[in-house]
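Ligands are counted one by one from 1 in listed order, and the atoms in each one are counted from 1 as well. FYI, the numbering just counts along the sequence from 1.
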Amino acid sequence: MSEVVFRKMIVDDIDAVFEIETTSFSHPWSRQSFCDEMENERALYIVAVAEDKPIAYMGTWLIFDEAHVTNVAVLPQYRRLGIGQKLLRHMIDILKHKGICSMTLEVRESNFPAQAMYQKLGFEAAGIRKNYYEDTKENAIIMWLNDIG
Ligand SMILES: CC(C)(COP(=O)(O)OP(=O)(O)OC[C@H]1O[C@@H](n2cnc3c(N)ncnc32)[C@H](O)[C@@H]1OP(=O)(O)O)[C@@H](O)C(=O)NCCC(=O)NCCS
């Protein structure tokens, strides 16, 4: 694999990011959702790029001094290569410089790969949202990463 570069997401990345989304989730966001996020002042999206194409993306909403993770996904053929954790570390570095103190997210109870990645980066489980996911009524685990600065 060529060198992987991490940078802010731009409008021209939307097609590739939508492909990552549809290959990663059973109920993906619409393409329009990503267009809307590019206009959202509180949203911050980054991508990992290899061979001139986004292969992973991550989004957050900045709310006061907290960052709420909207999503993280890596194209299936690029998983288990450390890209997810590097993407998360890159996001944490950007957030630190913006004065953000903590990050939070929801993850499906059955999504062990994602939970393992978040734990590796220091996130801790802090509670459950019952029946959070509309499709399967699955519970969400709420995770926090505190004192990121
Ligand atoms: C979760 C996801 C983003 C991880 O991306 P990735 O690039 O494969 O992850 P990394 O290679 O950086 O792995 C980081 C750590 O996560 C854990 N991990 C990742 N995939 C795992 C798996 N399939 N099984 C167990 N642990 C896993 C490991 O602790 C790993 O560290 P290690 O390689 O030193 O063991 C990726 O699996 C994905 O896109 N999944 C579908 C979308 C999704 O579920 N997003 C999260 C929504 S909350």
Tell me: protein heavy atom nearest atom 44 (O) of ligand 1, and distance? Asn111 ND2, 2.7 Å
Does ligand 1 come near enough to Ala114 that some N or O of the ligand is less than 3.5 Å from an N or O of the residue? no
Per-atom contacts, ligand 1 versus Leu81 - under 4.0 Å to a heavy atom: 11 (O)
Test your reading of the model: is there a side-chain donor-acceptor pair from Gln115 to the backbone of Glu109, 3.5 Å cut-off? yes
Would you give me the side-chain donor-acceptor pairs under 3.5 Å for residues 62-72, sequence neighbours excluded?
from  : atom 1 : to    : atom 2 : distance (Å)
Glu66 : OE1    : His68 : NE2    : 3.1
Thr70 : OG1    : Tyr45 : OH     : 2.9
Thr70 : OG1    : Gly59 : O      : 3.2
Asn71 : ND2    : Tyr57 : OH     : 3.4

Can an N or O of Lys86 be found at a distance shorter than 3.5 Å from an N or O of ligand 1? no
Restricting to heavy atoms, the pick from Met117, Lys120, Gln115 nearest atom 16 (O) of ligand 1 would be Met117
Phe6: ring-ring contact (aromatic ring centres under 6.0 Å, His included) partners, not counting sequence neighbours: His90
Kindly indicate whether the side chain of Asn131, heavy atoms from C-beta on, has any atom under 4.5 Å from the side chain of Asn139. yes
Could an N or O of ligand 1 be found under 3.5 Å from any N or O of Glu106, whether backbone or side chain? no
For atom 11 (O) of ligand 1, what's the nearest protein heavy atom and its distance? Gly82 N, 2.8 Å
Note the single closest protein heavy atom to atom 45 (N) of ligand 1, along with its residue, its atom name and the distance in Å. Val72 O, 2.7 Å
Closest heavy-atom pair, Ile20 versus Ala56, reported as atoms and distance to 0.1 Å, is CD1-N, 3.4 Å
Under a 4.0 Å heavy-atom limit, does Phe112 contact ligand 1 with its side chain, its backbone, both, or neither? neither
Give me the residue, atom name and distance of the protein heavy atom closest to atom 7 (O) of ligand 1. Gly84 N, 2.8 Å
Quick one: look up the protein heavy atom nearest atom 13 (O) of ligand 1 and list residue, atom name and how far away it is. Gln85 NE2, 4.0 Å
Would you say the side-chain atoms of Asp36 and Gln32 include a donor-acceptor pair closer than 3.5 Å? yes
Looking at non-hydrogen atoms alone, which of Arg80, Glu21, Arg79 comes nearest to atom 27 (C) of ligand 1? Arg80
Taking distance alone, with N or O pairs closer than 3.5 Å, would you say Ala73 contacts ligand 1? no
Under a 4.5 Å cut-off applied to non-hydrogen side-chain atoms, are Leu95 and Leu44 in contact? yes
Quick one: does Gln85's side chain have a donor or acceptor within less than 3.5 Å of a partner on Leu121's backbone? no
Which residue owns the protein heavy atom closest to atom 48 (S) of ligand 1, what's the atom, and how far is it? Tyr118 OH, 3.3 Å
Can you confirm whether more than 12 heavy atoms, excluding those of Gln77, are under 6.0 Å from its CD atom? yes
Give me the residue, atom name and distance of the protein heavy atom closest to atom 18 (N) of ligand 1. Pro113 O, 3.7 Å
Using a plain distance cutoff, I'd like to know if Val74 has any nitrogen or oxygen under 3.5 Å from a nitrogen or oxygen of ligand 1. yes
Heavy atoms of other groups near Glu124 CD, more than 12 under 6.0 Å: no
